[in-house]
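Proteins get letters first, then strands, A, B, ... in listed order; numbering begins at 1 in each.
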Amino acid sequence: MAIPMPATRPVVATPKAQRGPAFLSRLDELGRELWQDKLGTLGFAVIVALLLMAIFAPLIAPYDPAAQSVISRLKPPAWLPKGSWEHILGTDHLGRDVLSRVIYGARASLLVGVVVVLAAGTFGVVLGLWAGFKGGRTDSVIMRIVDVQVAFPGLLLILLVISVIGPSMTTMIIVLAITNWMVYARVVRGIVLSVRQMPYVEAAEMIGCRTSRVIFRHILPNLISPLLTLGILEFTNIVLAEAALSFLGLGVQPPATSWGLDVANGRDYIFVAWWLITFPGMSIAITVLAVNLFASWVRVTTDPQEREKRFAYQRAKAAARRGRKAGAGPASQNQGGRS
Amino acid sequence: MLNAVPAASPAPPLLSVQGLDVTYETGAQGFWGRPRAFKALEDISFDLRPGETLGLVGESGSGKTTTGRAVLRRIKASAGKIVFQGKDITNVSGEQLRKLRRNMQLVFQDPYASLNPRMRVIDIVAEPLLVHGLIRHVDEARDRITELLRVVGLPADAHDRFPHAFSGGQRQRIGIARALALQPEFIVADEPVSALDVSVRAQVVNLMQDLQKELGLSYLFIAHDLSVVRHISHRVAILYAGRMVEVAERDELYDHPIHPYTEALLSAVPVPDPRTQRQRKRIVYGGEIPDLVNPPPGCRFSTRCPLATAQCKQEAPKLTERSPGHLVACWNR
């Protein structure tokens with residue numbers, strides 16, 4: 001057995017121009033893979049639709065969400081007796097159009113939810129990684145800070161900060177991020193502690209990887225699925241927390257609106273006018289469901305083993321379907337796979 | 001089967017370990033508590049010549065893995081000296097230690113856990129080249145990796161597949177390819193075949209031997225399987241409870257063991273002939289392995305040794321040369 005060892009000279013790098021189309025074709029491939037997962041596609045479509053709705057709210061909404069009209073207050077949705085097509089989802093106690101408010105409400109709710117989850121998540125993940133990776137005293141100190149802040153009532157802190165600085169969208173986002181990062185730190189630290197013991201992490205250190213590469217290349221990918229799940233659960237929490245703050249007058253300031261604020265406001269009318277609370281509530285639910293469906297696809301896609309399993313399963317299903325259509329012959333004879 | 005040739009080169013040793021101690025700190029009591037010391041290795045000394053395989057044998061907890069990790073500077077030595085290629089590397093750290101990794105590599109015991117499940121084979125094998133700046137992008141190394149994979153006996157289409165698509169033996173080959181990527185001179189093989197099927201074991205061991213012949217590698221081969229060690233090693237060292245009890249050329253050690261512990265260990269190796277096997281007598285000693293947090297002052301085997309005397313309990317025996325190249329630590333033999 002002759003073993004010609006490869007030369008140690010670095011080969012000339014491929015020109016950067018070639019990477020552009022490669023990136024596009026990868027995106028195309030991912031798109032096709034997503035299309036195979038109907039629920040994931042649905043989730044993705046709903047997310048895109050919600051984002052478009054939030055961005056183009058002034059073009060879509062039939063009314064100004066803040067325009068009041070006492071004559072037409074508490075009108076039910078169009079399909080109920082006394083309802084009219086002028087206000088498809090009815091009106092609230094001040095005669096404001098519920099549909100318009102739902103469309104505009106998406107802006108504040110999505111913005112606050114997404115930004116707070118990202119900000120708190122980033123901060124929590126960084127601290128959790130640091131604590132878990134360093135261990136020892138660093139770990140103890142960081143986790144005690146987490147404990148202290150978990151024990152401290154979040155709402156009290158929020159009230160203090162907002163009453164000093166004054167309510168605004170930015171303040172609310174910062175304050176919610178400050179009071180919600182701890183759960184990420186705890187989860188991440190736990191996972192890092194266990195992954196750090198894996199032989200492949202030791203292997204990475206043994207071949208001479210720098211610490212940053214070990215963390216980002218070998219440890220961080222293991223956090224994707226728990227963080228996705230956690231982030232989505234937190235998103236709901238944040239939307240509701242935003243509602244609570246807005247209800248107290250410390251969050252979104254009228255005439256602006258948000259789903260949470262409408263849910264909170266409609267609470268008093270729940271027995272007379274169920275639509276006030278139902279439609280914004282449903283919007284929150286649909287958003288969370290869509291994010292969940294899409295995230296479930298992302299989770300599988302980022303795990304090579306799960307991804308191959310899904311691929312094989314879909315192939316087998318497609319083959320069986322074609323076998324039934326052909327009417328004769330066992331499904332296993334079908335060799336044509338999907339691209 | 002015994003085709004390993006004893007390397008009798010008088011060249012200076014590639015690796016020289018002198019009086020190595022490793023102390024683990026265990027269970028600090030509370031936030032301000034003082035950690036207790038656990039002496040995992042005490043006074044380990046050996047040389048490794050270029051192109052030589054030193055087999056390291058011992059029972060669980062005897063310090064085999066710790067020795068391998070300490071030599072690679074993965075675990076801090078609390079005393080002693082490690083000299084590699086004529087340079088004292090005992091206290092090297094940071095970037096220098098990272099550079100050192102180019103010349104010393106590790107093959108892991110568990111082929112299932114030692115490969116990152118989220119990386120393709122090519123990414124795993126090319127990573128050492130990447131982190132040492134020999135290539136800038138994995139694709140540059142494609143040909144080189146193909147060659148490496150061929151050398152370790154993997155199919156050429158293994159590149160873009162993930163580790164879970166391979167069997168244990170194949171995964172171990174990927175691990176070996178990763179260790180070879182930087183063309184190191186010294187490889188610590190930490191029980192590389194103990195997690196594999198017996199049928200695959202021979203293949204991997206033979207592969208390692210072939211690579212040694214072609215590339216002039218030196219191995220520190222850690223194992224608890226005495227037959228495998230006999231097959232691959234030129235010299236064998238026996239560890240017991242963190243101390244070295246006997247070192248000798250392979251055949252010398254297997255044919256003429258001196259230390260009572262080595263004798264007992266060798267008597268436990270089954271012989272592939274039922275009649276001979278039935279007539280053999282296994283030596284079994286009672287007693288307990290000493291607690292390494294509070295080790296006895298004398299010989300660590302004295303708690304189980306049939307020959308133990310008052311001297312054994314008081315004073316630890318040093319490794320002394322009995323015949324050329326055959327060192328034993330025992331007062332009574």
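Atom CD of B/Gln96 sits in a sparse spot, with 12 or fewer heavy atoms from other residues, nucleotides or ligands closer than 6.0 Å. For A/Phe44, the CZ atom is loosely surrounded, since the number of other residues' heavy atoms within 6.0 Å does not exceed 12.
Most heavy-atom pairs under 4.5 Å with chain A: of the set B/Glu95, B/Met104, B/Gln105, this distinction falls to B/Gln105.
Residues B/Arg101 and A/Ile207 have side chains not in contact (no heavy-atom distance under 4.5 Å, counting atoms from C-beta outward).
Contacts of B/Gln109 with chain A are absent, with no heavy-atom separation under 4.5 Å from either backbone or side chain. Contact annotation for A/Glu202: both backbone and side-chain heavy atoms come within less than 4.5 Å of a heavy atom of chain B. For B/Ile145, no part lies under 4.5 angstrom from a heavy atom of chain A. Contact annotation for B/Leu115: only backbone heavy atoms (N, CA, C, O) come within less than 4.5 Å of a heavy atom of chain A. Heavy atoms closer than 4.5 Å to chain A are found in the side chain of B/Arg69, but not in its backbone. Proximity to chain A is limited to the side chain of B/Asp123, based on heavy atoms less than 4.5 angstrom apart.
Under the 3.5 Å distance criterion, the side-chain polar atoms of B/Arg98 are matched with a main-chain donor or acceptor of A/Gly208.
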Exercise for review: List the steps, then state whether salt bridge (Lys or Arg N to Asp or Glu O under 4.0 Å) holds for A/Arg213 with B/Glu127.
Suggested key: CA-CA 10 Å; A/Arg213 190 180 166 89; B/Glu127 192 171 30; 2.8 Å; yes
Practice item. Start with the C-alpha distance between A/Met198 and B/Asn116, add both sets of side-chain angles, then the distance that settles side-chain contact (heavy atoms from CB on, under 4.5 Å), and finish with yes or no. Key: CA-CA 9 Å; A/Met198 294 295 290; B/Asn116 189 338; over 6 Å; no
Check your understanding: Is there a side-chain contact (heavy atoms from CB on, under 4.5 Å) between A/His218 and B/Met119 once you walk through the steps?
Key -> CA-CA 9 Å; A/His218 297 274; B/Met119 285 167 81; 3.5 Å; yes
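Annotation for A/Met206 and B/Leu106: closest pair CG-CD2, 3.9 Å, computed over non-hydrogen atoms. Residues B/Arg118 and A/Pro304 come closest through the heavy atom pair CA-CG, 3.7 Å. Of all heavy-atom pairs between B/Pro117 and A/Tyr200, the closest is CD-CE2, 3.5 Å. When all heavy atoms of A/Gln305 and B/His164 are compared, the pair lying nearest together is CA-NE2, 3.4 Å.
Screening residues 116-126 of chain A for salt bridge (charged side-chain N to carboxylate O under 4.0 Å, His left out), with sequence neighbours left out, gives no hits.
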